[in-house]
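A short worksheet on the structure shown next.
Below, chains carry the letters A, B, ... as their sequence lines are ordered, and counting in each starts from 1. Side chains are part of it too, since the values below use all heavy atoms of this structure and drop only hydrogens, waters and symmetry mates.
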Protein chains: 2
Amino acid sequence: MTTPGRGLHGHVLDTLGPAITAGEYPPGSVLRTDELAQRFDVSRSVMREAVRVLESMHLVESRRRVGVTVRPKAEWNVYDPQVIRWRLEGADRPHQLRSLTVLRSAIEPVAAALAAKHATAEQCAELTECALGMVANSRGHKLEEYLVHDVAFHRVILTASGNEMFARLGDVVAEVLAGRTHHEVMFEDPDPAAVTLHVQLAEAVREGDADRAEKLTREITVGALQELDILAP
Amino acid sequence: MTTPGRGLHGHVLDTLGPAITAGEYPPGSVLRTDELAQRFDVSRSVMREAVRVLESMHLVESRRRVGVTVRPKAEWNVYDPQVIRWRLEGADRPHQLRSLTVLRSAIEPVAAALAAKHATAEQCAELTECALGMVANSRGHKLEEYLVHDVAFHRVILTASGNEMFARLGDVVAEVLAGRTHHEVMFEDPDPAAVTLHVQLAEAVREGDADRAEKLTREITVGALQELDILAP
DNA sequence: GGCTCTTGAATTCGTCGTACCTAATGGGTT
DNA sequence: AACCCATTAGGTACGACGAATTCAAGAGCC
């Protein structure tokens with residue numbers, strides 16, 4: 001997605017990473033560097049670099065005399081954008097999408113409240129622009145154009161919060177929104193109520209109304225949760 | 001903390017990682033693999049593996065004919081536990097601690113609400129046990145013992161939420177709580193009100209009262225924010 | 001003359017292969 | 001049961017070549 005296969009070691013990762021995160025190698029499975037190097041037809045140096053990266057993601061652990069063992073899922077660095085992407089590619093996709101949507105529902109309302117307090121005039125303008133773009137593409141099956149503005153909108157909110165941890169979730173939100181448009185629900189035009197909520201949210205942030213911004217965002221995320229049938233009715 | 005310096009490449013990372021996250025090499029700075037290998041007195045193979053890891057954390061970018069360039073802070077994988085630890089070690093510590101505390105204030109209330117719905121009997125028991133441990137060590141300068149139970153308490157909440165993304169924040173919360181006890185505020189016994197809140201939270205979760213669990217956790221995190229003077233009035 | 005375009009040399013990472021070291025494991029011996 | 005040693009797979013080092021990109025010098029053009 002971002003930087004596909006930069007070099008041989010990248011190609012190896014693009015194959016091994018998804019395989020591991022998809023659970024093709026159960027936790028405790030043992031891989032050997034030389035065997036892998038042979039399988040991918042690369043030198044041991046390249047394979048070692050790939051293993052180091054997987055190790056830094058806590059997907060595997062390398063031990064002498066044993067080999068490269070796959071770590072249990074609970075130890076993976078599930079916030080690593082690369083890991084998230086791999087999991088979204090594989091069979092884990094629905095589950096991952098739910099986890100991330102719940103995460104969004106926790107983060108975004110707080111981020112929106114902070115954005116209402118810290119957003120610059122520029123960011124407010126961007127926000128309004130994005131909201132307008134959403135309105136303009138909310139009818140007539142212009143889902144792709146809508147998505148672009150939707151993603152941009154949420155990115156601005158997260159960035160304007162002034163919290164770097166929130167800001168870095170922009171990519172995650174982008175993946176979730178894109179996933180929703182491309183693979184999951186949403187075959188028709190977006191819910192008009194959701195569009196209105198975004199417009200109102202832009203308003204609230206512009207006016208510095210943190211409380212209203214938070215509540216509006218909570219409504220937006222509740223909608224996202226309902227789309228995935230996460231909330232009990 | 002977790003796995004300090006496993007091998008030469010680990011030692012290099014333990015030095016280079018903190019240096020980069022501390023801002024000793026401004027964004028755009030260019031390092032060369034061979035020069036680094038010489039400086040750390042390791043082979044190029046080892047240095048290349050270290051660079052690969054830093055690259056997977058988006059701390060640096062390696063390009064031909066140019067070298068290893070440091071990426072701007074906004075692109076770092078700030079959720080990587082290793083990066084968090086490095087930043088907590090360095091001059092960035094106060095800022096990082098604030099960011100993480102705000103993150104906690106967003107995540108934990110939602111996690112607590114979910115925990116109230118999903119916690120097993122075992123987890124409820126653990127929670128009560130932890131709360132009792134906090135009470136028992138809340139007076140008489142037994143800060144270390146208190147910390148242990150506090151960390152365990154929040155870990156159980158995050159795990160019991162049933163959301164893997166929340167669960168993986170256990171380490172982050174542990175770092176924040178430990179940081180508070182060891183380096184920041186909290187020179188005397190913990191706030192009795194906070195202890196009571198934890199006891200009540202354990203109650204609420206046991207009773208499956210999601211709404212109360214969320215509100216109680218919000219009070220706890222507000223307290224944490226106030227300790228760092230993040231909240232205005 | 002000043003400008004652009006092309007060409008080529010220099011540089012640094014990328015990859016490979018080999019050789020040797022180290023340590024953990026498992027089995028065999030006492 | 002305790003100990004020792006051979007096996008094994010990763011860890012490290014070094015040297016060589018390949019590939020891509022930058023930068024500058026020079027040719028061609030306006």
Side-chain angles (χ1 to χ4, degrees), chain A residues 2-17 19-20 24-72 75-76 82, chain B residues 2-17 19-20 25-72 75-77 82:
Chain A
T2 38
T3 322
R6 61 280 165 205
L8 280 186
H9 109 281
H11 173 252
V12 171
L13 283 174
D14 288 339
T15 308
L16 252 190
I20 293 174
E24 285 180 34
Y25 304 93
S29 302
V30 177
L31 310 172
R32 271 160 306 158
T33 309
D34 301 289
E35 182 190 307
L36 290 173
Q38 214 168 1
R39 171 135 61 93
F40 289 102
D41 195 38
V42 296
S43 69
R44 200 161 77 110
S45 325
V46 169
M47 184 52 64
R48 284 181 54 76
E49 288 173 21
V51 168
R52 280 277 177 269
V53 172
L54 295 174
E55 202 176 21
S56 84
M57 295 169 175
H58 276 68
L59 294 183
V60 302
E61 190 182 1
S62 180
R63 276 167 48 198
R64 288 187 164 177
R65 176 55 176 139
V66 175
V68 179
T69 63
V70 178
R71 304 180 77 146
E75 296 177 11
W76 297 351
Q82 185 79 69
Chain B
T2 39
T3 323
R6 62 281 162 203
L8 280 185
H9 108 282
H11 172 252
V12 171
L13 283 176
D14 288 339
T15 309
L16 251 190
I20 293 174
Y25 305 93
S29 301
V30 176
L31 311 171
R32 270 159 306 153
T33 308
D34 299 290
E35 181 191 307
L36 290 173
Q38 214 167 3
R39 172 136 58 95
F40 288 101
D41 195 39
V42 295
S43 68
R44 200 162 76 108
S45 326
V46 169
M47 184 52 64
R48 284 181 53 75
E49 288 174 20
V51 168
R52 280 276 176 271
V53 173
L54 294 175
E55 202 176 21
S56 84
M57 295 169 175
H58 276 69
L59 294 183
V60 302
E61 191 182 359
S62 180
R63 275 167 45 197
R64 280 184 162 154
R65 176 58 173 111
V66 175
V68 179
T69 63
V70 178
R71 304 180 78 146
E75 296 176 12
W76 298 350
N77 281 359
Q82 183 83 274

Return the value, rounded to whole Å, for the distance between atom [atom1] of [X] and atom [atom2] of [N].
X: Arg6(B); N: dA23(C); atom1: CZ; atom2: C1'; result: 17 Å
X: His9(B); N: dG10(D); atom1: NE2; atom2: P; result: 15 Å
X: Asp34(A); N: dG11(D); atom1: CG; atom2: C1'; result: 12 Å
X: Arg48(A); N: dA9(D); atom1: CZ; atom2: C1'; result: 10 Å

So, does [X] get its side chain near the phosphate of [N], meaning an N or O under 4.0 Å from OP1 or OP2?
X: Ser43(B); N: dA13(D); answer: yes
X: Thr33(A); N: dG10(D); answer: yes
X: Arg63(A); N: dA24(C); answer: no

Taking any heavy-atom pair under 4.0 Å as a contact, classify [X]: base, sugar-phosphate, or nothing.
X: Arg64(A); answer: base
X: Ser45(B); answer: base
X: Val42(A); answer: sugar-phosphate

### Task
Determine whether Arg6(B) and Leu13(B) make a side-chain contact, defined as any pair of heavy atoms from C-beta on separated by less than 4.5 Å.
yes
#### Entry: Short side-chain to backbone donor-acceptor contact, Asn77(B) and Ser56(B), under 3.5 Å
yes
#### Entry: Exam field: side chain Trp76(B) to backbone Val60(B), donor-acceptor pair closer than 3.5 Å
no
### Message
Under a 4.0 Å threshold between the charged nitrogen and the carboxylate oxygen, would Arg52(B) count as salt-bridged to Glu49(B)?
### Response
no
### Query
Starting at the 5' end of DNA chain C and moving along, which residue's nearest nucleotide shows up first, Val46(A) or Leu31(B)?
Leu31(B)
### Side chain of Arg65(A) (C-beta onward), nearest among dT12(C), dT21(D), dT25(C)
dT25(C)
### Task
Check if the side chain of Arg44(B) and the base of dT15(C) share a donor-acceptor pair of N or O atoms closer than 3.5 Å.
yes
